[in-house]
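Contents: one structure, followed by commentary.
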Amino acid sequence: MTGQKVVAFRSWGKHFLIVLPRLTVRIHFLLFGSYSINEQTKPAPRLHLKFKNGDIFFYTCSVRLLEGDPDEVYDWTADVMSDAWDPKKARARLKAIPETLVCDALLDQDIFAGVGNIIKNEVLFRIRVHPESQVGALPPRKLTEMIREARNYSFDFLKWKKEFVLRAHWLAHTKSECPRDHVPLTRVKHLGKARRRAFYCGICQVLYR
DNA sequence: TATAATGTTTGAAC
DNA sequence: AGTTCAAACATTAT
């Protein structure tokens, strides 16, 4: 990497990419990762890049090198925040896995790259779909909504995150009462194949089977 | 203060 | 050979 110029900073889903002429550094921040620019703010950086005009530090993250052109590695149409995001492709991919529970489908990075557990819970609450619904049982309009809100909520997430008000906007995730029906939300510790936390309302979120 | 989680990879176990 | 599962990573809010 020494002496090579950064060609681009990019992202695909939860991957942050530092593109150099012959290789790409792939950062994944996992649960607790962070970065700082110019000053080191934490004890042990996983990666420290020095440039003529400054520095970048990455902490507690996964760092991997990718050979070659990222356009050969990544399918940008699957990235929910990309300009290249293609909802029709997402729909086709979902059609191929009708038995899959929607709670697992939303976390599938090959379909919804970038969507995580918080977004999963909030999207399903917004569209009033029970997390254990089967993809193939969703009415066409609900499927459309799920695909649309996966992208939509991701942009809300980013906006609120930057304003430090993300948590304040959660309607279901970690909540104990349904803001619509004022009944206790169901909290499941390990739901679906992904075995991730789920928060949902048994009244307004419809189970499609 | 102890606990659990916004996520992924690895490797053992089945 | 395929899947399933827990551990590991190590920080932070609750």
Side-chain angles (χ1 to χ4, degrees), chain A residues 10-18 24-37 39-48 56-67 70 73-76 78-82 93 96-127 131-132 134-135 146 149-177 179 184-200:
Chain A
R10 305 184 71 176
S11 63
W12 178 90
K14 297 165 194 157
H15 298 189
F16 177 57
L17 306 174
I18 304 167
T24 294
V25 183
R26 192 204 83 174
I27 311 280
H28 194 303
F29 292 104
L30 301 171
L31 256 66
F32 327 118
S34 61
Y35 69 90
S36 63
I37 293 169
E39 69 218 77
Q40 185 178 333
T41 58
K42 306 213 166 159
R46 275 287 164 80
L47 178 67
H48 173 193
I56 314 185
F57 301 85
F58 296 95
Y59 314 94
T60 55
C61 54
S62 155
V63 181
R64 281 162 74 156
L65 296 179
L66 305 175
E67 306 287 333
V73 178
Y74 290 106
D75 179 356
W76 305 94
D79 179 344
V80 293
M81 299 195 71
S82 169
R93 288 169 180 141
I97 52 164
E99 318 268 279
T100 304
L101 304 184
V102 294
C103 61
D104 287 323
L106 278 168
L107 294 174
D108 187 333
Q109 300 298 295
D110 293 331
I111 304 175
F112 296 107
V115 169
N117 203 39
I118 296 171
I119 296 175
K120 173 199 84 181
N121 283 321
E122 292 297 313
V123 164
L124 292 174
F125 182 79
R126 273 188 175 183
I127 68 171
E132 289 180 290
Q134 288 177 324
V135 167
M146 185 169 92
E149 282 306 316
R151 176 173 168 91
N152 221 12
Y153 187 84
S154 296
F155 281 95
D156 286 342
F157 183 110
L158 176 62
K159 176 179 179 285
W160 291 331
K161 182 78 178 166
K162 284 177 172 175
E163 295 166 354
F164 302 99
V165 292
L166 175 64
R167 187 174 300 254
H169 283 88
W170 288 345
L171 299 177
H173 190 75
T174 73
K175 308 301 275 188
S176 49
E177 187 182 274
L185 281 184
T186 304
R187 169 190 299 246
V188 181
K189 192 171 173 135
H190 299 296
L191 195 74
K193 280 199 174 173
R195 296 182 56 75
R196 303 298 301 278
R197 289 206 296 176
F199 301 83
Y200 60 91

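Order of the sequence lines fixes the chain letters, A, B, ..., with proteins taken first and strands second; residue numbering starts at 1 for each chain. Computed from a predicted model, the values in this text were never measured in an experiment.
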Presence of [X] side-chain N/O under 4.0 Å of [N] phosphate oxygens OP1/OP2:
{"X": "A/Arg195", "N": "C/dT4", "result": "no"}
{"X": "A/Arg167", "N": "B/dT6", "result": "no"}
{"X": "A/Arg196", "N": "B/dT8", "result": "no"}
{"X": "A/Arg64", "N": "B/dT8", "result": "no"}
{"X": "A/His173", "N": "B/dT6", "result": "yes"}

Geometric class of the [Y]/[X] ring pair [parallel <30°, tilted 30-60°, perpendicular >60°]:
{"X": "A/Phe57", "Y": "A/Tyr59", "answer": "parallel"}
{"X": "A/His173", "Y": "A/Phe199", "answer": "perpendicular"}
{"X": "A/Phe16", "Y": "A/Phe58", "answer": "tilted"}

Residue closer to the 5' end of DNA chain C, A/Ser34 versus A/Leu30 (nearest nucleotide): A/Leu30
Set of residues satisfying side-chain hydrogen bond (donor to acceptor under 3.5 Å, both in side chains) with respect to A/Asp79, sequence neighbours excluded: none
Looking at the side chain of [X], which of [options] is the nearest nucleotide?
{"X": "A/Lys189", "options": "B/dG7, B/dA4, B/dT10", "answer": "B/dA4"}
{"X": "A/Lys42", "options": "C/dT11, B/dT6, C/dA10", "answer": "C/dT11"}
{"X": "A/Asn117", "options": "B/dT9, B/dA5, B/dG7", "answer": "B/dG7"}

Salt bridge (charged side-chain N to carboxylate O under 4.0 Å, His left out) partner of A/Asp156, chosen from A/Arg126, A/Arg151, A/Lys161, A/Lys162: A/Arg126
Whole-Å gap separating [atom2] ([N]) and [atom1] ([X]):
{"X": "A/Lys193", "N": "B/dT8", "atom1": "NZ", "atom2": "P", "value": "17 Å"}
{"X": "A/Trp160", "N": "B/dT6", "atom1": "CH2", "atom2": "P", "value": "18 Å"}
{"X": "A/Phe29", "N": "C/dA10", "atom1": "CZ", "atom2": "P", "value": "15 Å"}

Under the 3.5 Å Watson-Crick or G-U criterion, the dot-bracket string of DNA chain B, with | for inter-strand pairs: .||||.||||||||
Near-strand residues of residues 101-109 of chain A, defined as heavy-atom separation under 4.0 angstrom from DNA chain B: A/Gln109
Audit row: A/Ile119, A/Leu106, side chain to side chain contact (heavy atoms under 4.5 Å, CB included) steps and yes/no: CA-CA 9 Å; A/Ile119 296 175; A/Leu106 278 168; over 6 Å; no
P-based separation of B/dT3 from C/dA7 [nearest Å]: 15 Å
C1'-based separation of B/dA4 from C/dA6 [nearest Å]: 16 Å
